[in-house]
Amino acid sequence: MNFFEQQGGALIFRENGETVRLEPWGRDSLRVRSVMLGEILETNAALLAPQQTQAQIEISDTCAVITNGRIRAELNVQPWGNKLQITYRNQKGEILLQEITNGGALTLNARHYKVLPGGGYRLKVSFISNPQEKLYGMGQYQQERMNLKGCNIELAHRNSQASIPFYVSSLGYGFLWNNAAIGEVHFGTNTTEWEAQETRQMDYWITAGDTPAQIEESYAEATGKAPMMPEYGLGFWQCKLRYFNQQQVIDVATEYHKRGIPLDVFVIDYYHWPRCGDYRFDEEYFPNPKEMVDKLHEMGIETMVSIWPQVDWRSENYEYLKQQGMLVKSNQGVDVQMVFHGNNVFIDPTNPRTRRYVWSLIKKNYADMGIHTFWLDEAEPEFTGYDFDSYRYHEGPVAEVGNIYPREYARMFYEGQKESGQEEIVNLVRCAWAGSQRYGALVWSGDIFSSYEDFRKQICAGLHMGLSGIPWWTTDIGGFHGGDINSPEFQELLIRWFQFGAFCPVMRIHGNRDPHEQIINKAGEEREWTGAANEIWSYGEENYQIMKKFIEIRELMRDYTRSLMKEAHEKGTPVMRTLFYEFPEDAQTWEITDSYLFGGDILVAPIVQPGATSRRVYLPQGSRWTCANDGTVYDGGQWIEAQAPIETLPVFLRGGRQEYLIGKL
């Protein structure tokens, strides 16, 4: 019986209605698809067209092998039930990943399709788990954990959760679940199980590498790289909830300029518009926005404005967008997808017509007056209750394709800016999926709380995002919810977070600060409130001097940060890196959750406990480390107790590089 055949460079297996296709997809990598009762679909959720590679294929009656560089897939037909089991090995013959045993008395299926009434399938794909394996990546989940082995993970987006289904394994491979369906993955100690609520076929990509860097670079080739970060992405960004009128913006920017504090971007938050979906400034509060933008440009400051994908039923654009089919569609019931200052539905950026039309409004009312960068909030999108199977996109049911939304939202702006002649593009986005990086997406970690617990979670989130292919990442310095500017405890947290922010890919202060001020417009309508002051001089002179110092340190690192952005652009390298990324041979580095590398040269150990003025720091083996605070040199491969009074944090320089920082912290 002939189970296998070769089609060009691909290996095909067929049995009992199932077709499985393995083919080279970039260096050291394979793309694996299967379908039940049909032909392999050429749809593609995340992967780009691959570099041409030549695989070696060997076929016999009940087994076949396909080899592409460092990775080798062995396909064996099981003697009981003719079920296929796939095993992936590296060039040394070591097992990287292996499907569960199929058939037998248990009648299990490594690739299990359950038919759905609409013609698609609920899919579960199961692999044997190596309990010693460590897993990293998968996007941004709000947990204080680095090794994901043992975790149950939802494959769906939420406010502060970005599901990017790619991980790096300590065994020397990377795995992308190339499927945008809502689902789950269970990284158990006995099995790893991927589940899609609704799909048409199985589709994943696997790559082998001798180091995490090799794996990451192959993944970047497969899904895309970030453009080059604009110069204004390298400095300090000022933001708060919310600068509600034009004069506030000009006054705060002028004060920064007068004090000689470098400020690259000034951010104007949400509800600067009349209604969601109007996509323009509210003339009551911003009577001459072009003049405002010009004044900021004269001070060397870029203006960023918040854009929401919600459209209020009362918006001037709602009826046209609805009639033209440019909105997300509710499958049943009243078409309200989020209640916030009114009834709202979401635009559908998976529809090319939506992307073109909405960008035309953005261009007319923002870009044409000199605004070059946008804050794409609510990008998950934030469905009330996150009842995903209640909605449908142009691209398909949300249960089947829902996770592409934030990427297509970023794409709408990126392509519009490109077509308008803008070359350097960065837009702040509250969510991402695989491939978002190629559309200039700077992801921030959402509406987190102002607490040390959430602060610690952000270090893990940023590191996982870098390994998930998103090198541009940031967080609300000080957290978003719950920061009282008059509280000494919050002020301490803010300073510790600010120090961390100076060593993030982008340094941006933001927050919903207490106490608030109510805003009522001329018509007597309550508008979104404005929070307390959030400028660096708003927290007292002592705190002001510390924050000013760290903005100056960020400026000192501008050339270095630019070089990290160039690496990200050219190779897909994370800006914010786990210690094991640079030191994979040091077993201890795979266990660290609260320190990291900013690029390859600067080890950062934030102070993440209230009241702490020192902490233990691990210095990786394979280098000597210079303390940036006092110039002391340490051998790697040891733990030290580092001192860190409130005005500083532990920072160590690899091999004494970036020596201009010594004595500055």
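Worth knowing before you read on, the calculation uses all heavy atoms, side chains too, and leaves out hydrogens, waters and symmetry mates. Positions are given from 1 along the sequence.
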- Item | Verdict with reasoning, Ile509 to Gln238, per side-chain contact (heavy atoms from CB on, under 4.5 Å) | CA-CA 6 Å; Ile509 192 171; Gln238 175 63 47; 3.6 Å; yes
Pairwise side-chain contact, [X] with [Y], heavy-atom cut-off 4.5 Å (strictly under):
| X | Y | value |
| --- | --- | --- |
| Lys548 | Arg259 | no |
| Val443 | Cys431 | no |
| Phe580 | Lys134 | no |
| Trp639 | Leu619 | no |
| Val185 | Leu155 | yes |
| Val651 | Phe503 | yes |
| Asn534 | Tyr539 | yes |
| Leu442 | Thr474 | yes |

In this structure, are over 12 heavy atoms from other groups packed under 6.0 Å from [X] atom [atom1]?
| X | atom1 | answer |
| --- | --- | --- |
| Lys418 | NZ | yes |
| Arg562 | CZ | yes |
| Glu542 | CD | no |
| Glu641 | CD | yes |

Whether the side chain of [X] engages the backbone of [Y] through a donor-acceptor N/O pair (distance < 3.5 Å, no angle test) should be reported.
| X | Y | answer |
| --- | --- | --- |
| Arg615 | Ala642 | no |
| Trp433 | Glu408 | no |
| Asn44 | Leu47 | yes |
| Arg624 | Tyr634 | no |
| Thr589 | Phe583 | yes |
| Gln417 | His372 | yes |
| Ser420 | Gly416 | yes |
| Arg654 | Ile602 | no |
| Tyr243 | Val252 | no |
| Thr648 | Leu665 | yes |

Measure the spacing between [atom1] of [X] and [atom2] of [Y] and express it to the nearest 0.5 Å.
| X | Y | atom1 | atom2 | result |
| --- | --- | --- | --- | --- |
| Glu255 | Glu535 | CD | CD | 9.0 Å |
| Ser169 | Asn130 | OG | CG | 8.0 Å |
| Thr593 | Gln143 | OG1 | CD | 11.5 Å |
| His464 | Ile164 | NE2 | CD1 | 12.0 Å |
| Ile607 | Leu649 | CD1 | CG | 6.5 Å |

- Message: Applying side-chain contact (heavy atoms from CB on, under 4.5 Å) to Ile261 and Leu263, what does each step give before you reach the verdict?
- Response: CA-CA 6 Å; Ile261 300 169; Leu263 178 60; 5.9 Å; no
- Message: Using the ring pair (Phe, Tyr, Trp, His ring centres under 6.0 Å) definition, which of the options Tyr219, Tyr173, Trp205, Tyr136 pairs with Tyr167?
- Response: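 The residue from Tyr219, Tyr173, Trp205, Tyr136 that satisfies ring pair (Phe, Tyr, Trp, His ring centres under 6.0 Å) with Tyr167 turns out to be Tyr173.
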Salt bridge or not for [X] and [Y], using N-O below 4.0 Å?
| X | Y | value |
| --- | --- | --- |
| Arg456 | Asp594 | no |
| Glu552 | Lys664 | no |
| Arg558 | Glu231 | yes |
| Glu221 | Lys571 | no |
| Glu378 | Arg430 | yes |

- Run the ring-ring contact (aromatic ring centres under 6.0 Å, His included) check on Phe175 and Tyr204 step by step: do they pass? CA-CA 7 Å; Phe175 183 97; Tyr204 63 82; 4.9 Å; yes
For [X] and [Y], which heavy atoms make the closest approach, and how far apart are they?
| X | Y | answer |
| --- | --- | --- |
| Glu380 | Asn159 | OE2-CA, 3.7 Å |
| Gly137 | Leu467 | CA-CB, 4.3 Å |
| Ser218 | Thr207 | CB-OG1, 3.6 Å |
| Gly233 | Val506 | O-CG2, 3.6 Å |
| Val429 | Ala379 | CG1-CB, 3.7 Å |
| Thr626 | Gly656 | OG1-CA, 3.5 Å |

- Verify the ring-centre separation between Phe550 and Phe498: is it less than 6.0 angstrom?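 Not close enough - the centres of the two rings lie 6.0 Å or further apart.
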- Message: Aromatic contact between Phe449 and Phe480, with the criterion being ring centroids under 6.0 Å apart: yes or no?
- Response: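 Ring-ring flag for Phe449/Phe480: false, centres at least 6.0 Å apart.
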Distance-only donor-acceptor check, side chains [X] and [Y], under 3.5 Å:
| X | Y | answer |
| --- | --- | --- |
| Ser170 | Glu133 | no |
| Gln458 | Ser445 | yes |
| Gln638 | Gln621 | no |
| Glu492 | Tyr452 | yes |
| Gln658 | Asp601 | yes |
| Gln161 | Glu154 | yes |
| Asp586 | Tyr618 | yes |
| Asp264 | Trp237 | no |
| Trp473 | Gln140 | yes |

- Item | Trace of the salt bridge (Lys or Arg N to Asp or Glu O under 4.0 Å) decision for Asp210 with Arg70 | CA-CA 9 Å; Asp210 294 333; Arg70 291 184 176 91; 3.2 Å; yes
- Give the intermediate values and the outcome of side-chain contact (heavy atoms from CB on, under 4.5 Å) for residues Phe413 and Leu376. CA-CA 9 Å; Phe413 283 78; Leu376 312 185; 3.4 Å; yes
- Message: Given the ring of Trp375, does Arg508 sit roughly above its face, with NZ or CZ under 6.0 Å from the centre of the six-membered ring and within 45° of the axis?
- Response: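 That pair qualifies as a cation-pi contact.
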- Starting from the C-alpha separation in whole Å, work towards a yes-or-no answer on side-chain contact (heavy atoms from CB on, under 4.5 Å) for Ile646 and Ile495. CA-CA 8 Å; Ile646 188 65; Ile495 292 301; 4.0 Å; yes
